[in-house]
There are 4 protein chains.
Amino acid sequence: MAYNKNSAKVLAKKESKRRAIMQAVIKTVAEKGFHKTNISEIAKEANVAEGTVYLYFKSKDEMFIKAFEELAKDKLNIMKKMLENEESAFDKLSKFFDYHIIVITETPYIARFIGVEIRQSPQFYKKFPEYQPFKDYIAYLQSLIDDAKAEKSIADVDSEAVSYIIFGTMDYILTEWAVKNQNFPLTEMKNRIEKVLRQGLLKRGN
Amino acid sequence: MAYNKNSAKVLAKKESKRRAIMQAVIKTVAEKGFHKTNISEIAKEANVAEGTVYLYFKSKDEMFIKAFEELAKDKLNIMKKMLENEESAFDKLSKFFDYHIIVITETPYIARFIGVEIRQSPQFYKKFPEYQPFKDYIAYLQSLIDDAKAEKSIADVDSEAVSYIIFGTMDYILTEWAVKNQNFPLTEMKNRIEKVLRQGLLKRGN
Amino acid sequence: MAYNKNSAKVLAKKESKRRAIMQAVIKTVAEKGFHKTNISEIAKEANVAEGTVYLYFKSKDEMFIKAFEELAKDKLNIMKKMLENEESAFDKLSKFFDYHIIVITETPYIARFIGVEIRQSPQFYKKFPEYQPFKDYIAYLQSLIDDAKAEKSIADVDSEAVSYIIFGTMDYILTEWAVKNQNFPLTEMKNRIEKVLRQGLLKRGN
Amino acid sequence: MAYNKNSAKVLAKKESKRRAIMQAVIKTVAEKGFHKTNISEIAKEANVAEGTVYLYFKSKDEMFIKAFEELAKDKLNIMKKMLENEESAFDKLSKFFDYHIIVITETPYIARFIGVEIRQSPQFYKKFPEYQPFKDYIAYLQSLIDDAKAEKSIADVDSEAVSYIIFGTMDYILTEWAVKNQNFPLTEMKNRIEKVLRQGLLKRGN
DNA sequence: CATGAATGAGTCTTCATTCAT
DNA sequence: TATGAATGAAGACTCATTCAT
C-alpha cells in the first residue's frame with residue numbers, strides 16, 4: 001500500500017473535517033435556531049456534501065450533542081486558562097463572574113446556543129439521559145468556592161448551593177441578553193448581582 | 001332570534017372548548033416537547049377534530065403563545081392568592097420560594113414547559129418581540145422585595161438584582177429537576193439556596 | 001295553517017335569496033377566480049350563513065353551473081332586447097359585434113368569468129356533458145346570419161362557420177382584454193376584425 | 001474529480017428526468033384537469049418520488065408554467081418545421097390551418113391542455129404578468145400573413161386582425177372538439193371556416 | 001327555513017437519511 | 001472517502017359539507 005490511511009496526515013485531515021462540521025453546526029444553529037437548521041445548510045457552511053456529514057456523525061441529534069459537548073469543553077478550558085494567573089481562590093472566584101460573561105458573550109451566537117437552544121430538546125434528555133452539559137462547568141465553579149472557603153477568604157457557605165445560584169443567575173441574565181438581541185445591560189447587572197450575593201439579604205447585625 | 005350565536009350557553013361552550021385545546025397544548029408539549037408536538041395529537045387530546053383547532057387559533061405558533069400566556073397568568077394569580085394571607089412582606093417573600101416551587105411542580109409537565117420548552121423558540125422572540133413571559137412574575141417578585149425593604153425587614157438591597165437572582169436560580173434548579181425526571185432534591189436544595197441568599201458570601205464582620 | 005309556505009310572498013323571498021347567492025357566486029368568482037372562491041366568501045357576500053347555501057344548491061359545482069347558466073341566459077336576453085329595434089337583419093348582425101362587447105364588458109368581472117373561468121373545469125364537462133353554455137348564444141347569432149342571407153344583404157355564406165368565426169374571435173380578444181386587465185384596445189380591434197371579416201382575404205377579382 | 005456532477009452523463013440523466021416530469025404534468029393535467037392534478041400523481045406518472053419533483057421545480061405553479069412554455073415552444077417548432085417545405089407564403093398560410101389542427105390534436109390531451117386548462121388560472125396572470133403563452137405562435141402566424149401580402153397572393157389586409165381571427169376561431173373549435181371528447185367534425189369545420197375567411201361576408205360586386 | 005360550529009379528508013412542501021457512483 | 005440526487009414519511013393548514021340547535 002502506497003499510502004497509509006491511518007497516517008498522521010490523513011487522521012489530521014479527518015479530524016479537521018469533523019471539527020469543521022461541528023463549527024458549522026454551532027454557527028448555523030446560533031443564527032437560525034435549532035429547528036430551522038438543516039443538514040444541507042450545515043454541509044454548505046462546512047464545505048462538504050450532505051452525505052459526508054453522515055460519515056462523521058450517526059445522526060443529526062448526535063451531531064448536535066457532540067457539537068455542544070465540544071463547545072462546553074472548549075469554553076471551560078478557556079475559562080481555566082484565564083483564571084490560572086489569579087493568585088488566590090478568592091480572586092479566581094471574583095473573576096469567574098467576569099470571565100464567564102466574557103467567554104459566553106464574545107461570540108453572541110454561542111450565548112444564544114447555550115442559553116436558549118440547548119435546552120430545547122427533551123428528546124435529548126430522553127435519548128441521552130447522561131447528557132449534562134453544564135456538569136463540569138458547575139463542578140469547576142464549586143471547586144473554586146471550596147478553595148476560597150479553605151483559604152478563609154469567604155464565609156463557610158454551602159458551595160453546591162452557591163454554584164447553583166451563580167450559574168443559574170448568570171444563565172438567566174445571559175439568556176435575557178441573548179433573546180433581547182443584546183439590549184440588556186449585562187455587565188452592569190452582573191456587578192449589581194455580585195454585590196448582592198456578597199452581602200446577602202439580611203441586615204448586618206441580625 | 002332563534003339561533004343566537006352569542007347566547008350565554010353557546011359562548012360558554014366555546015370558551016370551554018378553547019380552554020380544552022389550551023390544556024391539551026400544555027400537556028402534550030410538556031410530554032413530547034415542542035417540536036414533536038403536532039396538531040393532530042393536540043386535537044386528539046382535546047377531543048376535537050384537527051380543523052377545529054383552527055377555529056380557535058390562527059396558527060400553531062399563536063396557539064402556543066396564547067397557551068403559555070394563559071398559563072403564566074394563571075400561575076401568577078395562584079401565587080398571589082397563596083401569599084395574600086401572609087402578614088408581613090418579609091413573610092410573603094419567604095413563602096415565595098416555597099410557593100413558587102409548589103406552583104410550578106404540582107404538575108410536573110408544566111415545570112418542563114416553563115423551564116425548558118418555552119425557551120426553545122428564538123422564532124417566537126423574533127416574531128413576537130414583545131413576548132416576555134416572565135415579566136409580570138418577576139415584577140411581582142420585585143415588588144415583594146421592595147415591600148420587605150420598606151418595612152425594614154430586609155437590608156436595603158438592589159431589588160431588581162435580587163429578583164433576577166431568585167428567579168434565575170429557581171428556574172435553573174427547576175429545570176434540573178424537570179429534565180432529570182424529578183430525580184433532584186428540589187426542596188432541600190431550595191432551602192440550602194435560601195439560606196445562602198439570606199446570609200451572603202462575606203464573613204460577618206467583613 | 002295560518003300561513004302558506006308556498007304563498008307568493010314566501011316563494012318570492014326564497015327566489016330572491018337564491019338569486020342573491022348566484023349573484024354572489026358570479027361576483028366573487030370574477031374577482032378571485034374560480035378556485036380561490038370558497039363557500040364561506042360566497043355566503044358572506046350573499047349575506048347568508050354557510051349552511052344556507054346548501055338549502056338552495058346541492059353542491060358547489062351545481063351552484064356554479066346554475067350561476068353561469070343564469071348569467072348566460074340574462075346576457076342573451078339583454079342582447080335580444082337591444083337588437084330588437086334594429087330594422088334589417090343586416091343591421092342586427094352589424095350591431096351584434098358592438099353589443100356583444102358592450103354586454104360582456106360592461107361588468108369586467110363577467111368578462112373574466114365567461115372568457116377565462118368558465119372554461120377551467122373539465123370536471124364540469126365530465127359531470128354535466130350536456131353543459132353547453134354558449135349554445136343558445138351561438139344559435140341566436142347563427143339565426144341572425146341566416147336572416148341576413150335571406151334578405152340578401154350578405155353573401156350566401158356558411159352561417160354555422162361564420163358564427164364560430166365571430167364568436168371564437170370575439171371570445172379570444174375578450175379574453176385577452178380580461179387577462180390583461182383591460183389593457184387591450186378592444187373596440188379598435190373589434191372594428192379592424194369586422195372589416196376583415198366583411199371583405200375576406202382574397203383579392204377582389206380573384 | 002471522481003464524482004463529477006457536471007459530467008455529460010449526469011447532466012443528460014437530469015435533463016431526461018426533468019422532461020419526464022414535464023411530460024407527466026401535461027398528461028396528467030390533460031386527463032384530470034388542473035386542480036385535480038396533485039403532485040403525488042405527477043410523481044407516480046413520472047416514476048419518481050414526490051420529493052424529487054421539488055429538485056427540478058420550485059413549486060407546483062412554476063412546474064405548470066414551465067411545462068406549458070416548453071410545450072408551446074415545441075409545438076411552434078414543429079409547426080415551423082412542417083411549413084418549411086412550402087414554397088410560397090400563401091401555401092404556408094394555407095397549410096397553417098391544417099397543421100395547427102394536426103399539431104394540436106395529434107395528442108388530444110394537449111388540445112385540452114392548451115384550449116381549456118391553460119386559461120384557468122388568473123393566478124398565473126397575476127403572478128406572472130409577462131406570461132403570454134400564445135404570443136410567439138401568433139407572432140409567427142402574423143409574419144406568414146405579412147409575407148403572403150408581400151408576395152401579393154392575398155389582399156392587403158390587416159394582418160394583426162387576421163391573426164386574431166384565425167387563432168381565435170381555431171382555438172374555439174379546438175376547445176369544442178376537446179370538451180366534447182372529439183365528437184366534433186373538426187377538419188370539416190376547419191375547411192368551411194377557411195372558405196368563409198377567404199371570401200368574406202360581402203357579396204362580390206359590393 | 002336558518003345557522004355556523006364542527007368535521008376530517010386532502011395536499012403541498014420540507015428534510016433527515018440513504019446509496020449508487 | 002466523498003458526493004449529491006433521490007427518497008418518502010410527516011405535518012400544518014384549508015375548505016366543502018353536515019348537523020344539532
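Labels below follow one simple rule: chain letters A, B, ... track the order of the sequence lines, proteins then strands, and each chain is numbered from 1. Source: prediction; values computed, not measured.
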Going by the rule side chain to side chain donor-acceptor pair (under 3.5 Å), which residues pair with A/E41 if we only count those two or more places apart in sequence or in a different chain?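 With sequence neighbours excluded, A/E41 shows a side chain to side chain donor-acceptor pair (under 3.5 Å) to A/K32, given in chain and number order.
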B/D74: which residues meet the side chain to side chain donor-acceptor pair (under 3.5 Å) condition with it, sequence neighbours left out? B/R19
Whole Å only: how far is the [atom1] atom of [X] from the [atom2] atom of [N]?
| X | N | atom1 | atom2 | value |
| --- | --- | --- | --- | --- |
| C/I42 | E/dG4 | CD1 | C1' | 16 Å |
| B/R18 | E/dA5 | CZ | C1' | 15 Å |
| A/I21 | E/dT17 | CD1 | P | 14 Å |
| B/F64 | F/dG11 | CZ | P | 12 Å |
| C/K44 | E/dT3 | NZ | P | 15 Å |

Nearest 0.5 Å please: distance from the [atom1] atom of [X] over to the [atom2] atom of [Y].
| X | Y | atom1 | atom2 | answer |
| --- | --- | --- | --- | --- |
| D/N47 | D/K17 | CG | NZ | 9.5 Å |
| C/E50 | C/Y54 | CD | OH | 8.5 Å |
| D/K36 | D/T28 | NZ | OG1 | 15.0 Å |

side-chain contact (heavy atoms from CB on, under 4.5 Å) involving D/F57 - partner list, sequence neighbours excluded: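 Scan of D/F57 (side-chain contact (heavy atoms from CB on, under 4.5 Å), adjacent residues dropped) gives D/R18, D/I21, D/M22, D/E62, D/M63, D/K66.
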Considering residues at least two apart in sequence or located in another chain, which fulfil the side-chain contact (heavy atoms from CB on, under 4.5 Å) criterion with B/A24?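 By the side-chain contact (heavy atoms from CB on, under 4.5 Å) rule, B/A24 matches B/I42, B/E45, B/A46.
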Once you apply a heavy-atom cut-off of 4.0 Å, does D/V48 come out as touching a base, just sugar-phosphate, or nothing? sugar-phosphate
At 4.0 Å (heavy atoms only), tell me whether A/F57 reaches a base, stays on the sugar-phosphate, or touches nothing. nothing
Please give me the minimum heavy-atom distance between D/T37 and D/V29, naming the atom from each residue. OG1-CA, 3.4 Å
Could you run down nucleotides 9-15 of chain E 5' to 3' and tag each one B, S or - for protein heavy-atom contact under 4.0 Å? --SSBBS
For DNA chain E, whose closest nucleotide is more 5', that of C/V53 or that of B/A49?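 Result: C/V53.
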Under 3.5 Å for both distances, Watson-Crick or G-U wobble, that's the pair rule; now give the dot-bracket for DNA chain F, with | marking pairs to another strand and [ ] for crossing ones. .||||||||||||||||||||
